Asks: 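Sharing a structure, written as structure tokens. Questions coming.
Residue numbering restarts at 1 for every chain, and letters A, B, ... go by the order of the sequence lines. From a predicted model like this one, the values you see are computed outputs, not experimental measurements. When reading the values below, keep in mind they use all heavy atoms of this one structure, side chains included, and skip hydrogens, waters and symmetry mates.
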Protein chains: 2
Amino acid sequence: MGIKKKEVLERLIQFVKDQQLKRGDKLPPERELSVLLNVSRTTLREGLRMLEARGILISRRGSGIYLNRGADVFDSQPGAVPTDEDTVIKDHLEARFLIIPNIAACAAERADENEIKELQDCIVRLSRAIVSRELNALAESEADFFRLLAIMTKNHKLVGIVEQLNSGIEIFWDYFIKSDEFVNNVIFAGYVEVVNAIKRRDVTSASELVKRNIINFCEGLSRIKNIPCRDLFGLKKN
Amino acid sequence: MGIKKKEVLERLIQFVKDQQLKRGDKLPPERELSVLLNVSRTTLREGLRMLEARGILISRRGSGIYLNRGADVFDSQPGAVPTDEDTVIKDHLEARFLIIPNIAACAAERADENEIKELQDCIVRLSRAIVSRELNALAESEADFFRLLAIMTKNHKLVGIVEQLNSGIEIFWDYFIKSDEFVNNVIFAGYVEVVNAIKRRDVTSASELVKRNIINFCEGLSRIKNIPCRDLFGLKKN
DNA sequence: TAGTGGTCTAGACCACGCC
DNA sequence: GCGTGGTCTAGACCACTAG
């Protein structure tokens, strides 16, 4: 991310705090804000769009920009938008756990032969990346795996959501790649099982195996980092 | 959406088809593409970013832009990116059904008193919008409802995902608003029940009630439009 | 009609990848 | 070093909303 872009976010948050703006309050017009924050309007809008994607702002054409529910992050969180690494990783794993199993189940129901073939190719790439310890290839093929599951559902919205889930997750592979052989193999084996479940059209297994896999993942990570994984899985029955 | 932006998407898709580009193939550089498609680079990049968000493209800094898995949409779908209204609505409802129940369960576990108060206020706004038949207020407060659920989970990733889910859904309220009093009341009552479940910290009920609510919603809509709702709910047990 | 956000342009420099 | 995508600028016009 650019230097300016980050600065814009910080200054924007600082501005909201300084002005004691509350939910529903209106921000100054974009042209004015860009002068106040000392950036071009385009750059400002990049930042605004980012906050809009988090539900913090809402833009109304012809009217103005308003603070939204969710603006309270400014109070509780010091940095608000970029949080510490551990939190990002924890949030990501939890989001996976809550969302991917259902997508996998749906994929098992609707996948066609070509798509299953794709998924198998994806696993091959994944395994190559694991044995050769190639970070980028690993992150990419794993993202692909989830992307393919979403595509299998034939639901465009889900594709977009998985893409959002996949974004900004490069960090945690740094830790994973350092992990021991065992965890890698367990996790990889897990992916293979998921594909097999989908091949059999076994909806329930597909969902459960994905869950199991994410839990393995989490346990592997918690052995290296101090991420409390325990409280993530109280919702297992849902 | 702007005229140019739509044109860019169309021309981009046409370009990929004409050149017979397949997965993994590299697109021309941005500066070149912007000339080919006769738009500025900024505008082009808006379009590229949109396709990237759908997992169709992938940009590699210093290297190039590549077609990704998921590019097959060009084959199956005529328009590829913007599909017909019915499909958009169906996809949206299904995505809700697969994702929101788990988020509601998680919210029931973690919500604090202030947030529950917020949710109640939100319902009040929702009910006002329903009785007065204000389309925008209705869409907005319903989006808020889901947004608040995500915020309650204290998981930033989920907030982003719900925001993605909420986006681009203005259309289907057009239909809803024409619906009969009964459906409206049933749906509204459903929201109230969800809030009560969260208040009681009843994780299971929160999840189930949300599901029930989405099903009601779908049935209400299918009475007006010809949306096949039946096949959406084969995954109920997961 | 005035003011707002939305889109678009042409051009500049930066940071990374690859040779 | 060179080409690529990433960021940033300043300024223009369009489309919508509100008074």
Side-chain angles (χ1 to χ4, degrees), chain A residues 1-12 15 21 24-53 55-68 81-82 134-137 139-140 167-168 170-171, chain B residues 1-12 15 21 24-53 55-68 81-82 134-137 139-140 167-168 170-171:
Chain A
M1 194 152 55
I3 304 153
K4 275 281 190 180
K5 223 158 155 182
K6 227 165 215 154
E7 272 181 35
V8 168
L9 285 182
E10 283 167 16
R11 291 187 211 170
L12 216 40
F15 179 85
L21 296 179
D25 287 353
K26 189 174 161 180
L27 270 65
E30 291 187 354
R31 288 162 182 80
E32 196 175 318
L33 258 182
S34 70
V35 175
L36 282 171
L37 304 186
N38 196 31
V39 291
S40 77
R41 197 177 152 215
T42 315
T43 307
L44 169 70
R45 278 176 58 74
E46 287 275 324
L48 291 176
R49 187 175 304 194
M50 224 173 286
L51 293 178
E52 210 175 351
I56 292 171
L57 297 176
I58 186 163
S59 300
R60 286 189 237 271
R61 192 193 192 111
S63 172
I65 304 168
Y66 301 82
L67 275 186
N68 205 346
V81 176
E134 286 181 74
L135 197 68
N136 282 337
E140 208 170 288
S167 69
E170 305 75 15
I171 18 165
Chain B
M1 195 150 55
I3 304 154
K4 275 280 188 179
K5 224 157 152 180
K6 228 168 213 149
E7 271 180 35
V8 169
L9 286 183
E10 282 168 16
R11 289 186 212 171
L12 216 39
F15 179 83
L21 296 179
D25 286 354
K26 191 173 161 182
L27 270 65
E30 291 186 353
R31 289 163 182 82
E32 197 175 318
L33 259 181
S34 71
V35 176
L36 281 172
L37 305 185
N38 197 30
V39 293
S40 77
R41 197 177 152 214
T42 315
T43 307
L44 170 70
R45 279 176 57 76
E46 288 273 326
L48 290 177
R49 190 174 302 195
M50 224 173 283
L51 294 179
E52 209 175 351
I56 293 171
L57 296 177
I58 186 162
S59 300
R60 287 187 236 270
R61 192 193 191 109
S63 172
I65 304 167
Y66 300 82
L67 275 186
N68 204 348
V81 178
E134 287 180 74
L135 196 66
N136 283 337
E140 208 169 290
S167 68
E170 305 75 18
I171 19 164

Asks: State whether the side chain of B/Lys26 and the backbone N or O of B/Leu67 hold a donor-acceptor pair below 3.5 Å, judged by distance alone.
Replies: no
Asks: Please report the distance, rounded to the nearest Å, between CD in B/Glu52 and P in D/dT4.
Replies: 17 Å
Asks: What's the CG-P distance between A/Leu27 and C/dG3, to the nearest Å?
Replies: 19 Å
Asks: Among the candidates C/dT4, D/dA10, C/dG6, find the nucleotide nearest to the side-chain atoms of A/Ser40.
Replies: D/dA10
Asks: Starting at the 5' end of DNA chain D and moving along, which residue's nearest nucleotide shows up first, A/Gly62 or B/Gly64?
Replies: B/Gly64
Asks: Salt bridge or not between B/Glu46 and B/Arg41? Use side-chain N to carboxylate O under 4.0 Å.
Replies: no
Asks: Counting only side-chain N and O atoms of A/Arg31, is one of them less than 4.0 Å from OP1 or OP2 of C/dT4?
Replies: no
Asks: Quick check for you: among C/dT9, D/dA12, D/dG6, whose closest atom lies nearest to any side-chain atom of A/Arg41?
Replies: D/dA12
Asks: Select one nucleotide: of D/dG5, D/dT9, C/dG5, the one nearest the side-chain heavy atoms of A/Val39.
Replies: D/dT9
Asks: A/Asn68 vs A/Leu57, test: side chain to side chain contact (heavy atoms under 4.5 Å, CB included). Steps then yes/no.
Replies: CA-CA 5 Å; A/Asn68 205 346; A/Leu57 297 176; 5.8 Å; no
Asks: Relative to the 5' end of DNA chain C, which residue comes earlier, A/Pro29 or B/Leu44, by the nucleotide with the nearest heavy atom?
Replies: A/Pro29
Asks: Could you let me know what C/dG17 is paired to, Watson-Crick or G-U wobble, both distances under 3.5 Å, or none if it's on its own?
Replies: D/dC2
Asks: Looking at D/dA10, C/dT9, D/dC16, which one has an atom nearest to any side-chain atom of A/Arg61?
Replies: D/dC16
Asks: Could you please spell out the steps behind the side chain to side chain contact (heavy atoms under 4.5 Å, CB included) verdict for B/Tyr66 and B/Leu27?
Replies: CA-CA 6 Å; B/Tyr66 300 82; B/Leu27 270 65; over 6 Å; no
Asks: Atom CG of B/Leu48 to atom C1' of D/dT4: distance rounded to whole Å?
Replies: 13 Å
Asks: Rounded to whole Å, how long is the line connecting atom CD1 of B/Ile65 with atom C1' of C/dG17?
Replies: 15 Å
Asks: Looking at C/dT9, I'd like to know if its phosphate oxygens (OP1 or OP2) sit under 4.0 Å from a side-chain N or O belonging to B/Thr43.
Replies: yes
Asks: At under 4.0 Å between heavy atoms, what does B/Thr42 touch on the DNA or RNA strands: base, sugar-phosphate, or nothing?
Replies: base
Asks: Just how far, in rounded Å, is C1' of D/dA10 from CD of A/Glu46?
Replies: 16 Å
Asks: Using whole Å, what does the distance between atom P of nucleotide C/dG5 and atom CG of A/Leu51 come to?
Replies: 15 Å
Asks: Rounded to whole angstroms, how far apart are CZ on B/Arg49 and C1' on C/dC8?
Replies: 15 Å
Asks: Students often get this wrong, so: under 4.0 angstrom with heavy atoms, is A/Ser59 touching a base, only sugar-phosphate, or nothing?
Replies: sugar-phosphate
Asks: Any chance you could measure A/Asn38, atom CG, to A/Leu33, atom CG, to the nearest 0.5 Å?
Replies: 12.5 Å
Asks: Between atom CZ in B/Arg45 and atom P in C/dG11, what is the gap in whole Å?
Replies: 18 Å
